[in-house]
Amino acid sequence: MDQIIQIDGFIALYIFMLAGFVGHEIIGKVPAILHTPLMSGSNFIHGIVLVGAMVALGRAATPLEQTIGFIGVFLGAGNAVGGYVVTERMLEMFKSSKDKKS
Amino acid sequence: MSMINMTLIIDASYFLAAILFIYGLKRMGSPMTARGGIVWAGAGMLLATVVTFLFPGMSNYLLMIVAIGLGGIIAWISGKKVAMTDMPQMIALYNGMGGGAAAAIAAVELYSGKDHGLTFGILAVLGGFIGAVSFSGSLVAFAKLQGFKNTTLRFKGQQILNLVILLGTLIMGAIVIAQPDMGNNISIFFILALALGITMTVPIGGADMPVVISLYNAFTGLAVAFEGFVQQNPAMIIAGTVVGAAGSLLTQLMAKAMNRSLANVLFSGFGETVSGEGSEVSGSMKPIDATDVGVMMAFANKVLIIPGYGMAVAQAQHKVWELTKLLIDRDVDVKFAIHPVAGRMPGHMNVLLAEAGVPYDIIYDQDEINSEFESADVALIIGANDVVNPVARTDPSSPIYGMPILNADYAKNVIVIKRGQGAGFSGIENALFFLDQTRMLYGDGQEMASELIQAVKSL
């Protein structure tokens, strides 16, 4: 790939460190009542693996690579879609007593 | 469009997706904004997926679309159909799929025989290892919670076997890094990693599964981040690392709420730690009938309801909410007190109550509510047991000693709705049931809640 900046060495470490802090900070102050939806939500977010699996399948040359790539995309799509559906269903139910009129 | 513009669009979209993920996750951290959070994150995912089709130098588009369609439809239908009580195992299943996808990326990269250089070789192998463990481990967790495979298999030397497989996998991984063009080595490496996920998870009991699922969630995040480095994909690196860190912290919080250390969950079964019987409990359990409880609650100033997983099993949450509304109409101050591990994981009980229509602003965490029991007229316990057992505070010989509990025993009256006289999940007698101010309302949770509703209505 003809990218201008390679993400390796210390640039990689910096990204890793900063993103790690972000994840830690986001969860740190959350009330326990949201732990299950948050676990589900973060489960959805690593569904981005779908994108990587698509690229892997897109570049697969041999039947073996194509088969594994196909399985990867299938699993990644399941992660992303399933993660979204269950998280959305759970959060849909969080209503305060003010807007529960429906 | 020229190639440069294409990569620019892709890079910009991934950048935007990363922002949306972090913003969405942040919004999910508060009940007020949580519903919008998942939509923002979902928009990021959609954007990232669509632009990936523009990626230069790709083929196999038909296979790609079929795989996305198949995986997406199956996950969509199963996710829509699953009952709220079964949510934990579905999270395990989808998480396992993500881990499997990360391992598949690693496998394609490694089997392709491309020379990645040492750093990327190590990252590809590490990501593949963690992803494969998360994949097979999560599937075992799913099967256990779903009830396909209930037995918890333990035998002598199990830890040694796990250690041998772990070392074998790491050695094979090192060989794969050193000699990238040996296909058979790669296969053996992945088979060992998958086996490790199974043998690691099989001995862990059902009660500890939520902690394990959370751990594998963090694993998958990390695996995605590593494969993101290999593929030079910043969206994967950032999303994976954020989840890896968030998941690790969440795992620790859960283990802490259950009064276990992570090492304890992974390396010893709960059954083994319950060796001490604890002291004998003296006194007797005193029954009461629903009419009396109805009167007691209707004329109380403050009622605290402590729901446990037993309430969800009896599907009593709707009736309990109906009862709560009747009491609120009579100007009784009603609050729900939730133990961190009520339900099957932290926050699961809140989801189950929310499903029944209970607004979240009358649901309180243990830390917020524990000081209020002294001023409560009635503590109504339905389907909970160990989390209100005062021996956790008083009896150092008890296996649950030190576990944080709800102070139900400080309330003026304690009502326990319970099927029979048996001990709790951990098999420990509950000293609360024998206190002077405690009365037992024997029966099915849903039926008893209905009887209480009738009792309050007839006043």
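Proteins come first, then strands; the chains are lettered A, B, ... in the order of their sequence lines, and each starts at number 1.
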Is chain B contacted by the side chain of [X], its backbone, both, or neither, given a heavy-atom distance below 4.5 Å?
{"X": "A:Leu50", "answer": "side chain"}
{"X": "A:Ser40", "answer": "both"}
{"X": "A:Leu57", "answer": "both"}
{"X": "A:Ala61", "answer": "neither"}

Practice problem: Name the member of A:Ile71, A:Leu64, A:Thr67 that forms the most heavy-atom pairs with chain B at distances under 4.5 Å. | Solution: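 Counting heavy-atom pairs under 4.5 Å, the top option is A:Leu64.
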Quiz item: A:Ala60, A:Gly69, A:Pro37: which one forms the most heavy-atom pairs within less than 4.5 Å of chain B?
Solution: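 Of the options given, most contacts go to A:Ala60.
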Can you see which heavy atom on [X] is nearest to which on [Y], and at what distance?
{"X": "A:Ile15", "Y": "B:Ile238", "answer": "CG2-CG1, 3.9 Å"}
{"X": "A:Val55", "Y": "B:Met58", "answer": "CA-SD, 3.6 Å"}
{"X": "A:Arg89", "Y": "B:Lys80", "answer": "NH1-O, 2.9 Å"}
{"X": "A:His24", "Y": "B:Ala245", "answer": "N-CB, 4.0 Å"}
{"X": "B:Ala101", "Y": "A:Gly72", "answer": "CB-O, 3.4 Å"}
{"X": "A:Gly52", "Y": "B:Met236", "answer": "CA-SD, 3.4 Å"}

Exercise. Count the heavy atoms of every other residue, nucleotide or ligand shown that sit under 6.0 Å from OH of A:Tyr14, and state whether that count exceeds 12.
Key: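 Check fails, neighbour count at 12 or below.
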Quiz prompt | A:Phe21 atom CZ, neighbour heavy-atom count above 12 within 6.0 Å | solution =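 No, not enclosed.
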Quiz item: A:Ile27 pairs by side-chain contact (heavy atoms from CB on, under 4.5 Å) with which of B:Leu249, B:Val243, B:Leu25?
Solution: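 Option passing the side-chain contact (heavy atoms from CB on, under 4.5 Å) with A:Ile27: B:Leu249.
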Quiz item: Does the side chain of B:Val66 come within less than 4.5 Å of A:Phe74's, by heavy atoms?
Solution: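 Not touching, per the 4.5 Å side-chain cut-off.
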Quiz prompt | A:Phe44 and B:Phe21 aromatic ring geometry - parallel, tilted or perpendicular at 30°/60° bounds | solution =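 Answer is perpendicular, since the angle exceeds 60°.
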